[in-house]
Structure formats: C-alpha cells, structure tokens
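Single-structure report; data block below.
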Amino acid sequence: MRTLLRQAAVIAGLALPVVHAGEVEVLHYWTSGGEAAALDVLKQQISAEGHQWQDFVIAGGGGGNAMAELQSRVLKGRPPAAAQIKGLDIQRWARLGFLEDLNNIAEQQQWDNKLPPVVADVMKHGDQYVAVPVNVHRTNWLWVNKPLLDRLNISAPQTWEEFDVAAEAIRAAGYQVIAQGDQPWQHATLFETIALSIGGPEYYQAAYVDHDFSALKSSTTEAVFERYFKLLNWITFDDQNEWNENTAKVINGEAAFQIMGDWAKGEFKNAGLTPREDYLCVPVPGTAGQFLFNIDSFAIFQLRDVENSQIEAQNALVQNIMSESFQRTFNQNKGSIPARTDMSMADFDACARSSMNDFLAASANNALKPSIAHGLATTGTVQQYFYEKIAELTATPTTPADASSQLAKAIRYGLYVIK
Ligand code: GAL
C-alpha cells in the first residue's frame with residue numbers, strides 16, 4: 001500500500017504542484033554559518049512547495065552524537081523522515097530494514113544517469129536506492145590565508161619541506177601555523193590526509209579501506225606518523241576546538257593554514273571572501289590529483305501509520321535534493337561539489353571547479369579514495385577505534401614504529417568487535 005501511495009505521489013509530484021502539505025522531519029548536524037546557509041536552500045525549496053520542515057538538530061561537527069539520538073528514536077518506532085547518514089552506516093540501517101525503497105523516484109529522475117557509480121553505490125543497498133546524496137566533499141585540502149602569506153612573501157607549500165620552511169617563517173612572525181581543534185574527528189581528518197600524502201592511494205586503500213595488517217604495521221605507516229608528529233608541532237591547541245572556530249582563525253588572519261574538508265570553504269564564503277583573492281584552496285602537500293571523498297546524504301526512513309501528506313512531503317524532499325537547482329545552490333554554500341556529474345560547473349568558484357576536475361581525474365586514475373575519518377571507508381566500529389587511537393597518539397606521541405604497531409592493533413581489534 002505504501003509503495004502504491006509512493007508511486008502515486010511521485011507521479012503527482014512530477015506533474016502537478018503538491019496539494020497536500022505535510023511535515024518532513026530531518027535529522028542533521030549542520031549548524032555552522034556555512035552549513036546552515038546551505039541547508040536553508042533545502043528548507044526554502046520544501047516550504048515553497050507548501051510543506052513544513054521540522055528540524056531535528058544534533059549539534060556537533062563531524063556528526064557528534066547524532067547516531068545515538070537517531071537510534072533511540074528509531075527503536076521507539078518514531079524515525080524522522082530523513083537523517084543525515086553517510087557511507088557504511090547507510091548499509092547498516094538498510095540491512096535492518098528501516099529504510100525506504102527509493103527506486104521509483106530514482107527511475108523517474110534518472111539517478112543512474114546523473115550519479116557517478118562511486119556515489120550511487122553508497123546510496124544503494126543491493127539494487128535499491130535507500131538514500132539520496134547532496135554532495136561530494138574532499139578532505140585533503142589545505143586552506144590558506146593569502147594576504148598573510150603574501151605579506152611574509154611565502155607561496156602556498158606543495159611539499160612538506162616547503163611547508164616546514166613556511167611554518168618557521170609564519171611562527172617567527174607571530175602567527176599560528178595550523179588552526180585545528182582538539183577533537184578526535186579533526187585529528188583523524190588531518191591524519192588521513194597525511195596517510196594519503198606519504199603513502200599514496202594504494203597504501204591508503206590497503207591500510208584504511210581493506211585493513212591489510214601488513215600495510216598498517218609497516219615502514220610506510222611509520223613514515224606517516226613521522227610526518228604527523230612533526231605537523232603537531234605546528235599546531236597550537238587552545239580553547240577554540242570547533243572546526244569552524246578554527247576556520248575563523250584563518251579567515252581573520254590569526255592563523256595561516258587549516259587542513260580540513262571543503263565544508264571550511266562554506267565558512268569563507270559565508271564571511272564574504274573570494275578564493276584566489278582572499279584565500280587559497282590547495283591540495284594538502286603531496287596529494288595533488290588525489291582525492292579523499294566524503295559524501296553527505298540523507299537516508300530515507302520508512303514511515304508507518306502517518307498521514308499521506310507526510311509521505312508526499314518525504315517524496316518532495318528526495319526529489320528536491322536531486323534537483324539541479326538544489327545541487328547547485330546548496331553546494332555553492334556548503335563548499336562541496338554536486339553529487340551529480342551531469343551539471344555545468346561554470347557558475348561555481350575556482351575551488352569547486354578544480355575539485356570537480358580532480359574528482360573526475362582521480363576516479364580515472366585510481367586516486368579517488370573514501371575518507372576513513374568521515375565514515376566512507378570502513379564500519380563505524382573500526383572508525384571509532386581509529387579515532388580513539390589517533391586521538392591518544394595526538395595527545396601522547398610516541399616513536400613512529402610504536403605508533404604504527406598500536407594503530408594496526410587498534411584497527412584489527414575494531415574489526416573483531418561486534419557493536
Ligand atoms: C562532516 C560532514 C560535513 C561537515 C563536517 C563538519 O562529517 O560530512 O558535511 O558538516 O562534518 O560538521
């Protein structure tokens with residue numbers, strides 16, 4: 001019955017304006033300036049169609065406690081219509097049978113022709129679409145305060161040797177070198193970009209996606225930690241630990257750099273800054289042409305015993321997310337690139353255009369890899385052990401050999417634990 005309703009609603013939704021206003025409750029954790037501005041685009045599209053958006057906000061960068069809150073609501077039998085869930089977590093909810101079959105909408109809107117396989121695969125459980133993608137973020141970006149570097153006569157570093165030279169000069173001039181918050185997911189984000197930089201895509205795949213023990217406990221991982229521990233010397237942790245507070249330090253010239261996914265660009269945009277003039281986006285040294293991806297998406301929950309209008313509102317949400325106008329405006333605000341690869345990038349900024357070029361090129365060159373820090377590469381359990389170990393080693397660095405062996409054990413342990 002629900003499927004029939006859904007089919008009817010899809011057809012009606014495409015042919016006519018929606019007639020039954022319904023409420024659509026959406027769980028998300030987008031609360032920074034740039035994130036909120038991006039999500040507003042969707043809220044406006046939904047209310048323009050006569051539906052009511054109901055926020056279910058769990059604040060906290062990188063997801064925070066959102067999953068625990070979601071679990072408790074789903075187990076009480078009252079899931080939200082949609083929840084911001086990523087990567088392998090989508091599969092978990094789908095396996096448990098909680099997610100809606102979106103294939104009718106996907107066929108109507110021809111998702112298979114619009115999404116690259118690397119995105120579509122994450123949204124599907126078997127052959128069934130169960131989630132809808134909003135974007136593709138890249139994590140291996142170095143954000144640079146351009147006027148500050150210009151004043152010090154330094155160019156954006158492309159190698160770690162250049163980075164160290166620049167860092168010395170920046171610190172000597174009295175500025176923070178790398179702005180970063182003291183939070184496990186932020187350390188994990190920094191670490192994964194160093195892993196890609198030092199080890200390259202094949203090593204990254206073997207260690208952080210396939211969890212091959214001999215790749216994890218290896219001289220390459222030792223070299224990764226050597227560079228990671230060196231970089232920690234260029235970070236001054238203070239009481240500003242949110243990622244966006246640290247982006248603000250680069251924006252206001254307190255710090256020269258931040259290594260962060262391109263949600264940081266949403267903050268630069270929200271502050272009215274222009275890439276290449278006010279700030280630079282350059283690949284983390286040693287990762288030019290390589291791409292660590294983090295795809296944001298909404299998993300769509302099965303709603304039981306609800307008004308038809310709520311199903312219609314849920315359908316409208318899904319359809320709007322895949323519309324070209326949403327994918328354009330949302331991503332211009334969010335800092336990411338569209339999940340759809342059939343759109344012109346002409347009115348995106350220089351960072352987004354180079355991100356899309358690198359995304360497509362990396363995909364052809366086997367240099368496109370899923371982010372472990374953001375839930376695209378591995379299970380939530382392994383990710384948790386990875387977070388904890390990197391956070392511990394960040395607080396208490398050890399020798400690279402010991403760190404490599406500890407990380408390998410933590411990941412192996414995470415693989416065996418059932419949570
Ligand atoms: C990521 C998420 C991004 C961004 C960031 C900071 O995990 O995918 O969309 O919001 O966290 O909250």
If you apply the rule side chain to side chain contact (heavy atoms under 4.5 Å, CB included), what do you find for Ser405 with Lys409, and how did you get there?
CA-CA 6 Å; Ser405 147; Lys409 277 190 205 139; 3.9 Å; yes
Does atom CG of Asp150 have more than 12 heavy-atom neighbours from other groups under 6.0 Å away?
yes
Between Lys265 and Cys351, which heavy-atom pair has the shortest distance, and what is it?
CD-CB, 3.7 Å
State whether a side-chain donor-acceptor pair under 3.5 Å links Thr247 with Gln258.
yes
More than 12 heavy atoms of other residues, nucleotides or ligands under 6.0 Å from CZ of Phe237: yes or no?
yes
Donor-acceptor pair, Lys114 side chain versus Gln109 backbone, under 3.5 Å?
yes
Should Asp210 and Gln205 count as side-chain neighbours, where that means a heavy-atom distance under 4.5 Å?
yes
Can you find a pair of side-chain heavy atoms, one from Val209 and one from Tyr204, that are under 4.5 Å apart?
yes
Ring geometry between Trp185 and His374 (parallel below 30°, tilted from 30 to 60°, perpendicular above 60°)
perpendicular
Would you find more than 12 non-hydrogen atoms of other residues, nucleotides or ligands less than 6.0 Å from Gln158 atom CD?
no
If I compare all heavy atoms of Tyr385 with all of Ala410, which pair ends up nearest, and what's the gap?
CB-O, 3.6 Å
Would you say the side-chain atoms of Asn320 and Glu49 include a donor-acceptor pair closer than 3.5 Å?
yes
Using a 4.5 Å cut-off on heavy atoms from C-beta on, say whether the side chain of Gln302 contacts that of Leu99.
no
Using a distance-only test with no angle check, is there a side-chain donor-acceptor pair under 3.5 angstrom linking Trp160 and Ser197?
yes
Side chain of Thr378, backbone of Gln383: donor and acceptor closer than 3.5 Å?
no
Atom pair CG (Leu407) and NZ (Lys389), whose distance is rounded to the nearest 0.5 Å
8.5 Å
Applying the side chain to side chain contact (heavy atoms under 4.5 Å, CB included) criterion to Ile46, which one of Val41, Ile321, Leu317 satisfies it?
Leu317
When you look at CG of Asp402, are more than 12 heavy atoms from neighbouring residues, nucleotides or ligands closer to it than 6.0 Å?
yes
Taking atom CG of Leu148 and atom CD of Gln176, what is their separation to the nearest 0.5 Å?
11.5 Å
4.5 Å side-chain heavy-atom contact, Trp53 and Leu42
yes
Met356 vs Phe348 side-chain heavy atoms within contact, under 4.5 Å
no
Taking Gln332 for its side chain and Asp347 for its backbone only, find out whether a donor-acceptor pair lies under 3.5 Å.
yes
For the CZ atom of Phe386 and the OH atom of Tyr208, what is their distance to the nearest 0.5 Å?
6.0 Å
Is it the case that over 12 heavy atoms from other parts of the model lie below 6.0 angstrom from the CD atom of Glu307?
no
Taking only residues two or more places apart in sequence or in another chain, which ones pass ring pair (Phe, Tyr, Trp, His ring centres under 6.0 Å) with Tyr279?
Phe268
Side chains of Asn246 and Gln240: do they bring a donor and an acceptor to under 3.5 Å?
no
In terms of heavy-atom contacts, does CD of Glu324 have more than 12 from other residues, nucleotides or ligands at under 6.0 Å?
yes
Side chains of Trp263 and Asn244 only: does a donor on one sit below 3.5 Å from an acceptor on the other?
no
Asn331 side chain to Gln327 backbone, donor-acceptor under 3.5 Å:
yes
Counting C-beta onward and ignoring hydrogens, is there a side-chain heavy-atom pair between Ile311 and Val306 closer than 4.5 Å?
yes
Does the distance from a Lys or Arg side-chain N to an Asp or Glu carboxylate O, for Asp349 and Lys269, drop under 4.0 Å?
no
Is it true that a side-chain atom of Gln84 and a backbone atom of Tyr29 form a donor plus acceptor pair closer than 3.5 Å?
yes
Are Asp164 and Trp234 close enough that some pair of their side-chain heavy atoms sits under 4.5 Å apart?
yes
A quick test of your reading: do over 12 heavy atoms of other residues, nucleotides or ligands sit less than 6.0 Å from NZ of Lys249?
yes
Main chain of Gln183, side chain of Gln186: is a donor-acceptor contact present, judged purely on distance under 3.5 Å?
no
I'd like to know if the side chain of Ser297 and the backbone of Ile85 have a donor-acceptor N/O pair within less than 3.5 Å.
yes
Could you check if a side-chain atom of Val318 sits within less than 4.5 angstrom of a side-chain atom of Phe298, using non-hydrogen atoms only?
no
Ion pair Asp305/Arg78, N-O distance below 4.0 Å
no
With a cut-off of 3.5 Å and sequence neighbours excluded, list every side-chain donor-acceptor pair involving residues 128-141.
residue, atom, partner, partner atom, Å
Gln128, NE2, Asp101, OD2, 3.3
Tyr129, OH, Asp112, OD1, 2.6
Asn135, OD1, Asp296, N, 2.8
Asn135, ND2, His137, NE2, 3.3
Asn135, ND2, Asp296, OD2, 3.0
Asn135, ND2, Ser336, OG, 3.1
His137, ND1, Asp262, OD1, 2.6
His137, NE2, Asp296, OD2, 3.4
His137, NE2, Lys334, NZ, 3.0
Arg138, NE, Asn140, OD1, 3.3
Arg138, NE, Gln290, O, 3.4
Arg138, NH1, Asp358, OD2, 3.1
Arg138, NH2, Gln290, O, 2.6
Arg138, NH2, Asp358, OD2, 3.3
Thr139, OG1, Glu192, OE2, 2.7
Asn140, OD1, Leu292, N, 3.1
Asn140, ND2, Thr287, OG1, 3.0
Asn140, ND2, Gln290, O, 2.9
Trp141, NE1, Asp262, OD2, 2.9

If you take all heavy atoms of Val122 and Ile90, which pair is closest and at what distance?
O-CD1, 3.7 Å
Minimum-distance pair of heavy atoms, taken over all atoms of Ala215 and Tyr203:
O-CE1, 3.3 Å
To the nearest 0.5 angstrom, please state how far the CZ atom of Phe191 sits from the CD1 atom of Ile390.
4.0 Å
Which of parallel (below 30°), tilted (30 to 60°) and perpendicular (above 60°) describes Tyr228 and Phe225?
perpendicular
With a 3.5 Å distance limit and no angle check, can you tell me whether Glu25 reaches the backbone of Ala81 through a side-chain donor-acceptor pair?
no
Shortest non-hydrogen pair, Asn145 vs Ile251, comes out as ND2-O, 3.9 Å
To the nearest 0.5 angstrom, please state how far the CG atom of Leu190 sits from the CE atom of Met260.
8.5 Å
Indicate yes or no for a side-chain donor-acceptor contact from His211 to the backbone of Ala207 under 3.5 Å, with no hydrogens or angles considered.
yes
Minimum heavy-atom distance between Phe56 and Arg73, given as atom pair plus value
CE2-NH1, 3.5 Å
To the nearest 0.5 Å, how far apart are CD in Glu392 and NE2 in His187?
12.0 Å
Just wondering, more than 12 heavy atoms not from Lys43 lying within 6.0 Å of its NZ?
yes
Could you tell me whether a side-chain N or O of Arg95 sits under 3.5 Å from a main-chain N or O of His125, the two making a donor and an acceptor?
no
